[in-house]
Amino acid sequence: MPNGFLRSALFGAIAKGRRRYINGEDLAAVDGVTIRYKGERLDQGDLDVWESVLHAVRLQELGSRCRVTSYALLKLMGKTDTGKNRATLQTRIERLVANAVTVKQGRSPTSAA
């Protein structure tokens, strides 16, 4: 996990309910890191899902199609395999996919989606 992501407001602590849509704004981050974000606001639960996906696919060959099941992700996160948890996981994955993040650390920007 990039340190700049963890030390920024990318995965913030937000109240339950309707999430704010951010349209290409710079988020709060440590000195030397600029994070521009476009999409629905992310929270700590979204961070848990993203970290679990990264952990699950870490040993797969670079450039290959990465596959992981909902069951495997829920188990990694210590959640039971219920319909409610699967629905929450699906919502969080859709939110992570439907955004744009540009990170600049030092001199060169890096984009991720």
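These numbers come from the heavy atoms of this one structure, side chains and all, not from hydrogens, waters or symmetry mates.
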Would D46 and R19 count as a salt bridge (Lys or Arg N to Asp or Glu O under 4.0 Å) if you check the C-alpha gap in whole Å, the side-chain angles of each, and the deciding distance to 0.1 Å?
-> CA-CA 13 Å; D46 299 319; R19 292 168 185 259; 3.5 Å; yes

Just do the side chain to side chain contact (heavy atoms under 4.5 Å, CB included) check on R41 and Y21 with the steps written out, would you?
-> CA-CA 6 Å; R41 192 77 171 92; Y21 183 86; over 6 Å; no

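Taking each heavy atom of S64 and E61 in turn, the nearest pair found is OG-O, 2.6 Å. Residues L42 and R95 approach most closely at CD2-CG, 3.7 Å, considering heavy atoms. Shortest non-hydrogen contact noted between V68 and A72 is CG2-CB, 3.9 Å. Across all their heavy atoms, S70 and R86 have their closest contact at CB-NH1, 3.6 Å. Between L96 and N99 the shortest heavy-atom distance is O-ND2, 2.9 Å. R36 approaches G24 most closely through the heavy-atom pair NH1-O, 2.6 Å.
The structure places CG of L89 at 5.0 Å from CE of M77, a figure rounded to the nearest 0.5 Å. In this structure, E25 CD and N23 CG are separated by 7.5 Å, a value rounded to the nearest 0.5 Å.
Taking the six-membered ring where the residue is Trp, F11 and F5 present tilted rings, their angle falling between 30° and 60°.
Looking at E40 and R92, no side-chain N of the basic residue comes within less than 4.0 Å of a carboxylate O on the acidic one, giving no salt bridge.
In terms of hydrophobic clustering, with Ile, Leu, Val, Met, Phe, Trp and Tyr side chains grouped at heavy-atom distances under 4.5 Å, Y71 and L76 are assigned to different clusters. Residues I93 and L10 share a hydrophobic cluster, clusters being chains of Ile/Leu/Val/Met/Phe/Trp/Tyr side chains in contact below 4.5 Å. Both V97 and Y37 are assigned to one and the same hydrophobic cluster, defined by single-linkage of ILVMFWY side chains at heavy-atom distances under 4.5 Å. No path of Ile, Leu, Val, Met, Phe, Trp and Tyr side chains, each step under 4.5 Å between heavy atoms, connects V57 with V49, placing them in separate hydrophobic clusters. Grouping the Ile, Leu, Val, Met, Phe, Trp and Tyr side chains by contacts below 4.5 angstrom, directly or via other members, places V30 with V101.
Contact check for T102 versus I35: no side-chain heavy atoms found under the 4.5 Å cut-off. Counting heavy atoms from C-beta on, the side chains of L6 and E51 come closer than 4.5 Å. Contact of the D26 side chain with the T34 side chain is registered, since non-hydrogen atoms from C-beta on lie closer than 4.5 Å.
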